[in-house]
Amino acid sequence: MTRRHLFHIAARVLALPASAEFYTRWLSAAPNEYRPVFFGPEDFEALESITEILIPTDETPGAKDARCAQFIDFVLDASTGYAPETQTRWRVAMSALEKAGFHKADRRGREELVEAMSAPERDPSRWHPAFAAYRLIKRENTFAFYTAHAGIIESLDYRGNTYNPVFPACQHPEHHVV
């Protein structure tokens, strides 16, 4: 057993009480019964809305189905005392969203704001005061979604512990043998 392995085990053990409490509360509650711990009600509602805009529900589950905002809330609450800079970054991000008018906007207005906030991704000459908030939320929402059952299993159809005996898209004969 290496030191690194021992450290990983210790970290997991230390996280168990908070994780057990969260997952018990999270899994037993209906999605709309969740009570945020880190975020206030207005910030949480705004976070939930932007995560849904970024990964909407269509023929596959979206961020709401994967409970991405709830996961982000849990991680931030669990980081109390360990990562204050992360919590500060999120407080600043939510403040930037509010200053941009996101909290007070209706659904259509929020979609337009997300479009405007994301403009610097497509055109580096553009600027938006809430771009950093948008990037932070997009990154963490993507992580939360694709590590949730709804994202990895239901959307990506990941099967795990499988392999491709052949690689049909590859035209190199030496790559067709496992």
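Atoms considered below: every heavy atom in the structure, side chains included; atoms not considered: hydrogens, waters and symmetry mates.
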Give a yes or no on whether F143 atom CZ has more than 12 heavy-atom contacts from other residues, nucleotides or ligands under 6.0 Å away. no
How far apart are the C-alpha atoms of S155 and F145, what are their side-chain angles, what is the distance that settles it, and do they pass the side-chain contact (heavy atoms from CB on, under 4.5 Å) test? CA-CA 10 Å; S155 291; F145 183 73; 3.4 Å; yes
Run M94 and L47 through side-chain contact (heavy atoms from CB on, under 4.5 Å) and show every step you take. CA-CA 8 Å; M94 297 313 289; L47 176 65; 4.0 Å; yes
Residues that F38 engages under ring-ring contact (aromatic ring centres under 6.0 Å, His included), provided they are two or more places apart: none
Interatomic distance, CD@E48 vs CD1@I72, rounded to 0.5 Å, equals 10.5 Å
Are V92 and I137 connected into the same hydrophobic cluster when the rule is that any two of I, L, V, M, F, W, Y join if their side-chain heavy atoms are below 4.5 Å apart? no
Distance-only donor-acceptor check, side chains S79 and D77, under 3.5 Å: no
Work out which heavy atom in D65 is nearest to a heavy atom in G62; give both atom names and the distance. OD2-N, 2.8 Å
N-O pairing of R108 and E112 below 4.0 Å: yes
Which of parallel (below 30°), tilted (30 to 60°) and perpendicular (above 60°) describes F44 and F39? tilted
Would you call L97 and I50 a side-chain contact if the rule is heavy atoms closer than 4.5 Å? yes
Shortest non-hydrogen contact from A116 toward P120: O-CD, 4.0 Å
4.5 Å side-chain heavy-atom contact, M117 and F131: no
Of the non-hydrogen atoms in F102 and S49, which two are nearest, and what is the gap between them? CZ-OG, 4.0 Å
Can you see which heavy atom on L113 is nearest to which on A105, and at what distance? CD1-CB, 4.3 Å
Take R107 and E111 through the salt bridge (Lys or Arg N to Asp or Glu O under 4.0 Å) test and state the conclusion after the steps. CA-CA 6 Å; R107 175 73 182 185; E111 289 171 353; 3.0 Å; yes
Kindly give the heavy-atom pair with the smallest separation between A100 and A130, and that separation in Å. CB-CB, 4.3 Å
Please report the closest heavy-atom contact between A96 and A133, naming both atoms and the distance. CB-CB, 4.2 Å
Donor-acceptor contact present, side-chain N141 to main-chain L54, <3.5 Å: no
Does any pair with a residue in residues 116-135 pass salt bridge (Lys or Arg N to Asp or Glu O under 4.0 Å), and if so which ones, sequence neighbours excluded? E115-R122, E121-R135, E121-K138
Assess whether a salt bridge exists between K104 and E45, defined as any Lys/Arg side-chain N lying under 4.0 Å from an Asp/Glu carboxylate O. no
Could you tell me whether the side chain of R110 and the main chain of H103 form a donor-acceptor pair under 3.5 Å? yes
With the side chain counted from C-beta on, respond yes when Q87 and T80 share a heavy-atom pair under 4.5 Å apart, and no when they do not. yes
Can you list everything that forms a side chain to side chain contact (heavy atoms under 4.5 Å, CB included) with H149? Sequence neighbours excluded, please. I153, E154
Evaluate side-chain contact (heavy atoms from CB on, under 4.5 Å) for E140 paired with W90, printing each intermediate quantity in order. CA-CA 11 Å; E140 297 307 319; W90 275 91; 3.5 Å; yes
